[in-house]
Amino acid sequence: MSEESDLWALMTGFAAISLLSVGGGIAVLPEMHRLVVEQQGWMDSLGFAKRFALAQAAPGPNIMVVGLIGWEVAGLIGMFAAMLAMCGPTTLLAYGFFRLRASLGTALWLRVIERGMVPIAIGLIAASGVLLATGAAAGAGSTVATVLAAAITLGSTVFVWRTRRSPLWVLAAGAVLGASLLG
Amino acid sequence: MTADAATRRVGALDLFLAYLRIGLTGFGGVNAWARHHLVEEKGWLTEAEYAETLGMAQVLPGPNALNCAIGVGARFAGAAGAAAASIGLFAGPLALLAGIAALYDAYGQLPLVRAVLTGIAAAAAGMVLGTAIKMATRLRPTIPLLLVGLAALTLALLRVPLPFVVLGLAPFGLLAAWRALR
């Protein structure tokens with residue numbers, strides 16, 4: 001596949017995904033996985049999970065994972081192209097909405113939309129977590145490493161769910177455990 | 001807009017600098033950091049104003065943090081404010097990310113780096129799962145809303161394409177929300 005057609009697939013793919021990304025970037029990870037791993041074969045599941053991990057460990061919005069995927073496909077241009085495709089169309093939409101927002105008031109229908117769409121977003125986010133966990137565990141290598149990766153995921157889930165501490169702690173713990181036992 | 005908010009004069013440059021800082025400090029997602037900076041440090045928004053903006057940002061398609069920046073920017077300085085806040089939000093992280101990506105290309109296949117990244121990936125997966133559970137329990141959903149959420153999870157795991165999941169479940173979600181709020 002030529003670089004140009006990859007770049008085109010990158011931009012059209014992420015632009016389409018962005019318009020359905022109710023609940024933000026993490027909710028559409030399964031759809032990104034479909035595009036990047038299953039349809040285009042730009043990387044495998046573990047590579048996908050690792051790039052998500054890198055983006056989480058760095059500062060900035062969660063959506064930065066899209067930039068890393070773009071980089072893998074077409075370097076620096078790919079990074080900007082993917083981010084632009086993911087953020088451009090929805091930026092215009094959000095701007096239009098917030099300009100109108102003042103005249104919309106606190107109408108019941110607005111609260112109905114917010115309340116009704118949030119469960120869908122949460123369900124999609126949970127599915128993203130399962131997908132990432134599978135990618136990390138399956139790609140870990142040996143059986144022992146797979147079990148350890150699953151245990152890290154489980155511990156991290158409980159930590160983030162039950163405590164108010166910064167999630168950076170679990171990323172750091174994951175790095176240390178990964179280095180000492182998987183390596 | 002409250003009288004209070006109307007008297008606060010926040011220009012495009014202020015917005016750019018505030019979001020530049022939010023972007024660069026925002027480890028693990030920027031929303032919590034944005035709230036801290038805008039509400040507690042700067043006092044540009046009240047807690048309720050920020051919560052409402054974030055709520056809308058989450059329902060609109062697109063990255064939540066970006067939508068929120070657009071909402072905050074537009075509120076204070078119109079189109080210029082929205083642009084300034086958005087660019088500020090991404091400028092720092094994008095520059096850093098280019099460096100990280102280059103390092104990953106150079107060292108990503110070293111056994112130790114591979115192992116560390118696999119460990120972080122496993123932890124990051126748990127971070128997403130834990131966040132989903134936390135959000136779900138905080139919401140205290142009615143049974144129909146809970147069922148809509150579980151349906152979204154199941155359909156996504158069955159790899160049903162996103163448009164079908166979102167558009168197919170939206171009527172049920174709205175109906176359940178309408179019944180809950182009525």
Side-chain angles (χ1 to χ4, degrees), chain A residues 18-22 24-26 30-31 49-50 52-54 56-64 67-68 71 87 90 94-95 97-98 112 114-117 119-120 122-129 132-133 136 140 149 152-153 156-157 160-161 167-168 170-171 174-175 177-179 182-183, chain B residues 23-30 55 59-67 70-71 74 82 93 96-98 100-101 111-112 115-136 141 145 148-149 152-153 156-157 162-163 166 169 173-174 176-178 181:
Chain A
S18 79
L19 290 173
L20 285 159
S21 60
V22 175
I26 297 192
E31 205 62 20
K50 279 183 181 171
F52 177 73
L54 273 180
Q56 288 296 94
N62 298 324
I63 201 69
M64 305 303 289
L68 280 179
W71 176 281
C87 298
T90 61
Y95 180 70
F97 173 84
F98 279 111
V112 167
E114 191 183 341
R115 196 80 210 273
M117 297 307 281
I120 299 175
I122 296 177
L124 292 174
I125 292 171
S128 303
L132 290 168
I152 293 175
T153 301
S156 154
T157 303
V160 171
W161 172 27
L168 277 183
V170 297
L171 298 184
L177 286 172
L182 298 176
Chain B
L24 281 173
T25 48
F27 285 97
V30 301
V59 173
L60 288 166
N64 297 338
L66 175 60
N67 286 344
I70 292 164
L96 260 177
L97 206 67
I100 291 173
L112 180 65
V116 167
L117 282 177
T118 304
I120 298 179
M127 189 177 142
V128 173
L129 282 171
T131 304
I133 298 172
K134 207 174 203 172
M135 287 170 79
L145 282 170
V148 169
L153 169 62
L157 286 182
L162 185 69
V166 172
L169 287 177
L174 297 182
W178 183 67
L181 287 168

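When all heavy atoms of A:Gly174 and B:Ala123 are compared, the pair lying nearest together is CA-CB, 4.0 Å. For B:Pro163 against A:Leu20, the heavy-atom pair with the smallest separation is CG-CD1, 3.4 Å. Nearest approach of B:Val30 to A:Pro61, heavy atoms of both residues: CG1-N, 3.6 Å. Considering every non-hydrogen atom in both B:Leu96 and A:Pro59, the closest pair reads CD1-CG, 3.5 Å. Between A:Val160 and B:Gly130, the shortest heavy-atom distance links the atoms CG1-C, 3.9 Å. Closest of all the heavy-atom pairs between B:Leu97 and A:Met64 is CD2-O, 3.2 Å.
Listed options A:Gly24, A:Ser156, A:Ala126 were ranked by heavy-atom pairs under 4.5 angstrom with chain B; first place goes to A:Ser156. The candidate with the highest count of non-hydrogen atom pairs below 4.5 Å against chain A, out of B:Pro93, B:Ala136, B:Ala156, is B:Pro93. Of the listed residues B:Val59, B:Ile120, B:Leu24, B:Leu169, the one with more heavy-atom pairs under 4.5 angstrom with chain A than any other is B:Ile120. Options A:Gly67, A:Gly129, A:Ala49 differ in how many heavy-atom pairs under 4.5 Å they form with chain B, and the most are formed by A:Gly129. Interface check for chain B: of the options A:Ala175, A:Ala133, A:Cys87, the most heavy-atom pairs under 4.5 Å are formed by A:Ala175. Most heavy-atom pairs under 4.5 Å with chain A: of the set B:Ile133, B:Thr131, B:Asn67, this distinction falls to B:Ile133. Of the listed residues (B:Ala74, B:Gly71, B:Ala65), the greatest number of heavy-atom pairs within a distance under 4.5 Å of chain A belongs to B:Gly71. The candidate from A:Thr157, A:Leu124, A:Leu68 with the greatest count of non-hydrogen atom pairs under 4.5 Å with chain B is A:Thr157.
The line from CD1 of A:Ile120 to CG of B:Leu153 is 12.5 Å long, rounded to the nearest 0.5 Å. Between the CE atom in A:Met117 and the CG atom in B:Leu174 there is a gap of 6.5 Å [rounded to 0.5 Å]. A distance of 6.5 Å separates CG of A:Leu54 from CD1 of B:Ile100, quoted to the nearest 0.5 Å. With values rounded to the nearest 0.5 angstrom, A:Ile63 atom CD1 is found 9.0 Å from B:Leu66 atom CG. The distance from the CG atom of B:Leu129 to the CH2 atom of A:Trp161 is 11.5 Å, given to the nearest 0.5 Å. Rounding to the nearest 0.5 Å gives a distance of 7.5 Å between CE of B:Met127 and CG of A:Leu168.
A search for side chain to side chain contact (heavy atoms under 4.5 Å, CB included) contacts involving A:Thr90 returns A:Ser18, A:Leu19, B:Pro61, B:Pro63, not counting sequence neighbours. With sequence neighbours excluded, the residues forming a side chain to side chain contact (heavy atoms under 4.5 Å, CB included) with A:Ser128 are A:Ile26, A:Leu29, A:Pro30, B:Val128, listed by chain and number.
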Test side chain to side chain contact (heavy atoms under 4.5 Å, CB included) applied to A:Asn62 and B:Asn64, step by step: CA-CA 9 Å; A:Asn62 298 324; B:Asn64 297 338; over 6 Å; no
Step-by-step side chain to side chain contact (heavy atoms under 4.5 Å, CB included) determination, A:Phe97 to B:Ile70: CA-CA 10 Å; A:Phe97 173 84; B:Ile70 292 164; over 6 Å; no
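Looking at A:Ser21, its side chain does come within 3.5 Å of a backbone N or O of B:Gly62 through a donor-acceptor pair. When atom types are taken as modelled, the side chain of A:Gln56 and the backbone of B:Ala124 share no donor-acceptor pair closer than 3.5 angstrom.
When heavy atoms are compared at a cutoff of 4.5 Å, B:Pro141 approaches chain A solely by way of its backbone atoms N, CA, C and O. At a 4.5 Å heavy-atom cutoff, the contact between B:Leu145 and chain A is made by backbone and side-chain atoms alike. For chain A, no part of B:Ala176 is nearby; none of its heavy atoms comes within less than 4.5 Å. Using a 4.5 Å cut-off between heavy atoms, A:Tyr95 touches chain B through backbone and side chain atoms alike.
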